[in-house]
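Can you keep this structure in mind? I'll have questions shortly.
On a predicted model such as this, the values are computed, not experimentally measured, just so you know.
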Amino acid sequence: MSSSRGLTCLLSAFLSLTGSFAQNLYQPFEFPAQIPSPYQVDAITIYNKLLFSTKSKKISKDEIARYCEFMSFGKKSCFTSGHLYCNWEKAENYLNNVLHQILPDSLKNRKNIHVYLTRDADFNAYSIYDGSIFFNIGSLAEIPDEATTAFILGHEVAHYLHNDSYRQYEKNVIESNRSDFKSKSVEISFAKADYSREAERDADSLGYLFASTAGIRLHDMLTFFYEDLIQQNISEKANQRKHILNVGSKRDSGLIANQKLVHDMLLDHPVSKERIDFLTKLDQTNRNKKYTKGFSVDNQLFRSLQQQARYERLNTCIQNLDFYDCVLYAFTYYLYQPDNANYLYFMLDGIRKLVATEDEYEKKGFLTQHLKSYFKSRQGVLHNLNLLFTDSTAMGKIKDKALADTSTVAFENYEQAFGYFLKKSLALGFNEANLIAAQWNFNQEALRKNYCEMYLENPAAKYKEYATQLMNNGLSNSLKPNANELFVINYLNEEEEYNDGVYKRFIASNEESPGFLNELGRQMKKKYPDKQFLILDSLKEKAFDKYNKMGVLIELSFMLNGKNDKSKERKNEVYFDGGSSAEQKSNKPDLFTLDQGLWYFFKEHKIARLEYVSTSTYENKKRARRQEENYLQIGYFCFDIHDANRIRHTEKQYKLKDLDISGRYPKYVMELMESR
């Protein structure tokens with residue numbers, strides 16, 4: 001089911017938060033002003049070709065059309081949403097060189113088999129119907145060597161050759177059409193290829209064959225997967241213990257064991273132990289084969305790119321507002337390179353933003369939220385660092401010996417951790433830490449000014465203007481001369497729900513949106529002639545770099561509100577800088593204090609007021625007997641500098657059967673705006 005929050009979350013997942021970092025730090029990826037031509041996708045042409053070539057006697061033509069539409073428009077969205085590194089040629093060329101080394105001669109000339117590097121911090125890779133392989137930055141940051149890269153790419157080529165994305169879709173549709181199908185529908189995901197165990201084993205076999213035939217030594221790959229198994233077991237045990245605590249009143253250990261068995265049987269990917277055993281047997285079968293190398297292209301280049309990938313992984317977490325993961329990754333990297341200013345920067349910035357956007361995180365145990373069964377209340381991970389690592393020798397390699405010593409725990413919670421890493425940073429002469437400390441102490445005037453003064457004493461300080469305004473508590477006042485009022489609207493999004501999942505009707509949305517937007521624009525200009533009417537998707541065609549900075553404000557507002565009300569209509573208001581209560585002001589920083597990039601963005605574009613509206617329709621096409629109304633949902637968000645930095649968010653739902661839809665909904669958007 002859709003909501004404006006869901007839409008903005010999906011949108012903001014690919015949007016840039018700041019785009020600028022401190023001097024002497026790693027300079028993160030910057031989006032080009034326009035999407036380069038190799039990454040421009042004609043979804044309609046792809047859809048028609050795929051629809052013509054996809055035949056099946058097992059599912060209906062309508063169901064085939066849904067697959068073709070989702071694949072074609074899903075690929076376009078992936079290429080045009082900021083999800084790809086569309087101008088990092090060095091990294092993309094390297095991955096494709098590795099792939100080329102392992103492809104058999106019969107496939108080397110297929111230009112459609114191509115690897116793209118994606119801005120996703122998770123460890124994952126996936127392929128689609130046309131041979132496009134998407135390799136996450138989180139994978140490049142994590143894999144132990146080039147050989148593992150080769151195996152993973154070979155595995156994804158196997159999925160493409162076996163047409164597994166369509167085969168699994170077809171299987172899911174057949175299963176969902178069964179009369180006894182009772183499972184809840186799951187949203188179809190372009191990047192979520194949940195193949196069967198058999199398909200995964202086949203892909204493992206062929207991926208291993210590709211790499212080993214090329215003479216690549218895969219022993220380290222097996223070690224890597226084995227270590228992953230250890231970490232998975234730790235997580236599974238933590239989940240099992242938590243579950244036992246939740247159902248402890250039943251005292252049925254047999255039930256727990258049975259649920260674990262059922263869980264393993266339903267996994268689409270083989271559990272790690274099973275996968276390791278299978279790959280080990282493959283390795284033993286080929287033990288007489290002479291492996292000539294641990295890499296196929298350039299090991300030094302791999303190490304260089306991996307270091308960059310780790311910085312980008314952290315930067316992606318910050319941009320995608322995944323602050324917990326940013327702290328987790330930065331901390332694990334820091335332990336082995338404690339003098340690395342980049343890791344200290346992301347650690348401090350991640351902790352600060354996590355505490356600011358998550359209620360009561362300041363006093364929670366450091367990095368133990370997903371391992372609660374192993375720790376006492378409010379204990380930090382320093383009591384058992386082994387739980388963060390899979391390699392048994394990892395503890396001995398830690399360079400910050402004070403953190404490895406469990407006899408004297410250096411800190412327990414996030415507040416104490418911030419103080420520890422701030423002290424480390426300042427001891428290294430890392431000036432950016434002063435600005436982060438000033439933002440951390442935003443509501444303590446003396447400390448805020450002191451840290452800003454120390455920051456400004458450095459001639460190389462990059463954010464001098466921002467720090468000056470922060471020091472004098474003038475971030476908002478300095479922007480009040482701004483005159484531009486932006487009204488940002490996204491395309492009308494139409495969705496339907498079937499037995500096998502939520503289906504986004506891309507073609508219908510594209511057909512309906514122009515009329516909807518034109519009429520809404522006409523009404524807007526008549527009612528609010530001074531506002532600038534901006535269609536978000538059209539912006540990315542003209543200014544892709546600006547598109548990727550627009551919209552993060554919306555997602556941050558939800559995080560600061562901390563609400564996810566499921567009611568049909570809701571309104572949230574949050575006040576900063578002289579808001580409704582001293583308590584609200586002391587607990588949360590305003591958005592400009594939270595991130596200097598937002599302040600510079602408003603300053604550069606002279607924005608005084610930003611409003612955003614998302615509109616979606618949802619229709620239930622399931623055959624199951626459930627009483628759910630089809631509806632129109634409108635989400636409204638506003639940030640007004642002249643109104644005490646007030647963030648307002650409103651959602652409203654209308655039943656489609658009660659609406660006069662001849663005007664395709666723009667009047668209901670206006671109605672919501674006028675009632676704000």
CG of L475 to NZ of K603: how many Å apart, nearest 0.5 Å?
11.0 Å
Nearest-0.5 Å distance, SG of residue C317 to CZ of residue F346:
9.0 Å
Would you check if the side chain of R313 reaches a backbone N or O of A121 as a donor-acceptor pair within less than 3.5 Å?
yes
Can you see which heavy atom on G350 is nearest to which on C326, and at what distance?
CA-SG, 4.3 Å
Separation between CG of L367 and CG of L328, rounded to the nearest 0.5 Å
5.5 Å
Hey, does Y336 have a side-chain heavy atom less than 4.5 Å from the side chain of D400?
no
Reported CG-to-CG distance for the pair L517 and L492, which is rounded to 0.5 angstrom
8.0 Å
Less than 4.5 Å apart, side chain to side chain, heavy atoms only: is that true for L140 and F135?
yes
Distance alone, cut at 3.5 Å: any donor-acceptor contact between the side chains of E362 and N413?
no
Indicate the ring-plane relationship of F29 and F31, choosing parallel, tilted or perpendicular according to the 30° and 60° boundaries.
perpendicular
Side chains of Y463 and Q469, donor plus acceptor under 3.5 Å:
no
Within the side chain of Q444, is there an N or O that forms a donor-acceptor pair under 3.5 Å with the backbone of W440?
no
Using modelled atom types and a 3.5 Å cut-off, is there a donor and acceptor pairing between side-chain atoms of N458 and backbone atoms of A460?
yes
Is a donor on one side and an acceptor on the other found under 3.5 Å between the side chain of Q379 and the backbone of K376?
yes
Contacts of E415 meeting salt bridge (charged side-chain N to carboxylate O under 4.0 Å, His left out) (sequence neighbours excluded), chain-then-number -> K363
Tell me the closest heavy-atom pair linking F418 and A437, and the distance in Å.
CZ-CA, 4.2 Å
Are side-chain N/O atoms of R352 and Y414 paired as donor and acceptor at under 3.5 Å?
no
Taking every heavy atom of S425 against every heavy atom of L348, the minimum-distance pair comes out as OG-CD1, 3.5 Å
Side chain proximity check, Q308 to W88, heavy atoms < 4.5 angstrom
yes
Taking the ring of F516 and the ring of Y491, is the distance between their centroids below 6.0 Å?
no
Y343 and ring pair (Phe, Tyr, Trp, His ring centres under 6.0 Å): which single residue from Y311, F430, Y26 fits?
Y311
Distance-minimising heavy-atom pair for L388 and T332
CD1-CG2, 4.5 Å
We want to know whether Q306 and E142 form a side-chain donor-acceptor pair, criterion being a heavy-atom distance below 3.5 angstrom.
no
Flag the pair C638 / L610 as yes when at least one side-chain heavy-atom distance between them is below 4.5 Å, and no otherwise.
no
Smallest heavy-atom separation, I641 atom then I607 atom, equals CD1-O, 3.1 Å
Audit row: E671, K652, salt bridge (Lys or Arg N to Asp or Glu O under 4.0 Å) steps and yes/no
CA-CA 10 Å; E671 175 186 299; K652 191 167 183 179; 3.4 Å; yes
CE on M670 to CD1 on I634, rounded to 0.5 Å
11.0 Å
Go through the steps for E611 and K531 under the test side-chain contact (heavy atoms from CB on, under 4.5 Å), then give the verdict.
CA-CA 10 Å; E611 298 170 273; K531 292 186 186 296; 2.7 Å; yes
Taking the side chain as everything from C-beta on, heavy atoms only, tell me whether Y612 gets closer than 4.5 Å to N490.
yes
Are Y324 and H370 an aromatic pair by the rule of ring centers under 6.0 Å?
yes
Short question: side chain of Q416, backbone of E412 - any donor-acceptor pair under 3.5 Å?
yes
Could you go step by step and tell me if E651 and Y636 meet the side-chain hydrogen bond (donor to acceptor under 3.5 Å, both in side chains) rule?
CA-CA 6 Å; E651 289 185 3; Y636 171 81; over 6 Å; no
Taken in chain and number order and not counting sequence neighbours, the residues that satisfy ring-ring contact (aromatic ring centres under 6.0 Å, His included) with F421 are Y334, F411
Smallest heavy-atom separation, E312 atom then I137 atom, equals CB-CG1, 3.9 Å
Please check: side-chain N/O of K606 versus main-chain N/O of L479, any donor-acceptor pairing under 3.5 Å?
no
Think K76 forms a cation-pi with F79, using NZ or CZ under 6.0 Å from the six-ring centre and within 45 degrees of its axis?
no
Distance only, no hydrogens: is a donor on one side chain within 3.5 Å (strictly under) of an acceptor on the other, for Y455 and E432?
yes
Just so I know, are the side chains of Y333 and L314 near enough to count as touching, which here means a heavy-atom distance under 4.5 Å?
yes
side-chain contact (heavy atoms from CB on, under 4.5 Å) between L84 and L117: does it pass, once the steps are laid out?
CA-CA 6 Å; L84 294 183; L117 188 61; over 6 Å; no
The test is side-chain contact (heavy atoms from CB on, under 4.5 Å); show your working for N484 and Q532 and say whether it passes.
CA-CA 7 Å; N484 293 335; Q532 299 180 37; 3.0 Å; yes
Within the structure provided, determine whether K353 and L321 are in side-chain contact (heavy-atom separation under 4.5 Å).
no
Is there a donor in the side chain of S139 and an acceptor in the side chain of N136, or the other way round, less than 3.5 Å apart?
no
Should L632 and T615 be marked as a side-chain contact (heavy atoms from CB on, under 4.5 Å) after you check the CA-CA gap, both sets of side-chain angles, and the distance that decides it?
CA-CA 7 Å; L632 167 73; T615 310; 3.5 Å; yes
Considering the options F442, Y466, F639, which one meets the ring pair (Phe, Tyr, Trp, His ring centres under 6.0 Å) requirement together with F592?
F639
Check: F375 main-chain N/O paired with H383 side-chain donor or acceptor under 3.5 Å
no
Pairing donors with acceptors under 3.5 angstrom, does anything connect the side chains of N493 and E495?
yes
How about N472 and T468: do any of their side-chain heavy atoms sit closer than 4.5 Å?
yes
Report yes or no: does D590 contribute a side-chain atom to a donor-acceptor pair with the main-chain N or O of T593 at less than 3.5 Å?
yes
What I want to check is whether the side chains of E92 and Y85 have a donor and an acceptor closer together than 3.5 Å.
no
As an exercise, state the distance from OH of Y451 to CG of L470, rounded to the nearest 0.5 Å.
13.0 Å
Could you walk me through whether N473 and E445 pass the side-chain hydrogen bond (donor to acceptor under 3.5 Å, both in side chains) test, one step at a time?
CA-CA 9 Å; N473 201 26; E445 185 175 359; over 6 Å; no
Between Y528 and F487, does the ring centre distance come in under 6.0 Å?
no
Would you say D595's side chain and G597's backbone share a donor-acceptor pair under 3.5 angstrom?
yes
